[in-house]
Amino acid sequence: MSNVIVVGCGRVGSELARMLSESGSNVCVIDRKPEAFANLGLDFNGSTLEGVGFDEDVLVKAGIEDCEVVAAVTQLDNTNLMVAEVAHRLFGVPHVISRLYNPGHERAYAQLGIDYVCGTSLVAEEVFSKIMAGHGSHLDTFGEFEILRFSINLEAFGKKTIRVSELERPHDIRICAFERADGSASSIPTGDSILYHGDTVLACVRHELISAFSRYML
């Protein structure tokens, strides 16, 4: 069971607090507006504390000295940053997470060693993932890459077989694994591994290359 402080009781903070409480964590929610605690609902069994989330006295009352996690999820980046700095540097909380609205600040947060979640980037990635799912081959998004699972169309190459290296080099993709079309075998390939028409391939492809490469997918 973890002791968690959530700073900010808006839509994100209240939902997070409820999820943590339901999972068995001891949760204290801090917000400067007492009316915000209504967002927690009647079933919330954690504690609440009115105050400024980066105030040392408020944090001590919330139990930060025995806290494993602090989540700063107010609607202000500067407030979240101050909470994170106070929790990490003054109280030595092992895991501090800050909500970040402006994705332009991501590099600065990373350089400061602050664990963060950027809603703008996450929403964009989620929408992108849903769009890519329309191909029927999308599995996941990883930075600037897409993880795809598809059957290889060797007719597009005018061949019956192809070496993995012949597929990877010209198209700047990486084949992570493959399975024979009849299900008889699967393998993590080397460059010399042979693929047959209809084999199922797990591949890592750059976003911008998917459209051009899609003709090789069955």
Side-chain angles (χ1 to χ4, degrees), residues 1-132 140-145 147 207:
M1 182 178 293
S2 299
N3 296 317
V4 184
I5 294 175
V6 176
V7 179
C9 197
R11 285 178 295 179
V12 172
S14 58
E15 179 65 18
L16 174 63
R18 287 196 300 269
M19 293 170 64
L20 288 165
S21 180
E22 290 171 2
S23 70
S25 295
N26 293 319
V27 185
C28 180
V29 183
I30 300 173
D31 200 288
R32 61 193 309 169
K33 297 179 180 180
E35 61 270 23
F37 299 132
N39 293 324
L40 293 166
L42 298 176
D43 295 331
F44 178 67
N45 60 10
S47 60
T48 59
L49 183 62
E50 180 185 353
V52 177
F54 52 81
D55 184 283
E56 294 177 41
D57 292 335
V58 171
L59 288 168
V60 170
K61 289 179 182 177
I64 196 168
E65 292 169 318
D66 296 313
C67 184
E68 287 88 16
V69 182
V70 169
V73 291
T74 77
Q75 296 179 354
L76 299 173
D77 280 354
N78 287 341
T79 297
N80 293 336
L81 177 58
M82 292 176 69
V83 172
E85 289 284 275
V86 170
H88 177 65
R89 298 188 185 280
L90 293 186
F91 291 99
V93 176
H95 194 185
V96 180
I97 307 166
S98 178
R99 186 181 185 186
L100 176 62
Y101 281 88
N102 187 347
H105 295 159
E106 287 188 77
R107 178 171 294 182
Y109 272 55
Q111 290 174 342
L112 289 170
I114 297 174
D115 195 359
Y116 65 90
V117 174
C118 182
T120 301
S121 299
L122 288 176
V123 170
E125 288 180 8
E126 180 67 15
V127 172
F128 183 85
S129 295
K130 289 181 180 295
I131 292 171
M132 294 311 304
D140 202 359
T141 301
F142 190 79
E144 60 187 82
F145 298 94
I147 308 301
H207 297 325

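Annotation: side-chain hydrogen bond (donor to acceptor under 3.5 Å, both in side chains) contacts involving residues 27-44, sequence neighbours excluded, are absent. Listed by first and then second residue, the side-chain hydrogen bond (donor to acceptor under 3.5 Å, both in side chains) pairs involving residues 49-66 amount to none (not counting sequence neighbours). Applying the salt bridge (charged side-chain N to carboxylate O under 4.0 Å, His left out) definition to pairs two or more places apart or across chains, none involves residues 90-102.
The two residues Cys118 and Tyr101 come nearest to each other via the heavy atoms SG-O, 4.3 Å. The two residues Ser14 and Gly10 have their closest heavy-atom pair at OG-O, 2.6 Å. Taking each heavy atom of Ala84 and Val96 in turn, the nearest pair found is CA-CG1, 3.5 Å. Nearest heavy atom pair, residue Ile114 against residue Ser98, reads CG2-CB, 4.0 Å.
Scanning for side-chain contact (heavy atoms from CB on, under 4.5 Å) contacts around Thr79 gives Phe54, Thr74, Leu76, Val83, with sequence neighbours left out. For the side-chain contact (heavy atoms from CB on, under 4.5 Å) test, residues two or more places apart in sequence or in another chain that qualify with Ala62 are Ile5, Cys28, Ile30, Leu49. Residues meeting the salt bridge (charged side-chain N to carboxylate O under 4.0 Å, His left out) test with Glu15, sequence neighbours left out: Arg18. Not a single side chain to side chain donor-acceptor pair (under 3.5 Å) links Tyr109 to another residue, sequence neighbours left out.
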For residues 85-95, run the donor-acceptor check on the side chains, cut-off 3.5 Å, and write out each pair with its distance to 0.1 Å, sequence neighbours left out.
from	atom 1	to	atom 2	distance (Å)
Glu85	OE1	Arg89	NE	3.0
Glu85	OE2	Arg89	NE	3.3
His95	NE2	Asp115	OD2	2.8

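Separating the OG atom in Ser47 from the CG atom in Asn26 is a distance of 8.5 Å, to the nearest 0.5 Å. Expressed to the nearest 0.5 Å, how far CG of Asn80 lies from OH of Tyr116 amounts to 14.0 Å.
Checking side-chain atoms of Ser25 against main-chain N and O of Ser21 turns up no donor-acceptor pair under 3.5 Å.
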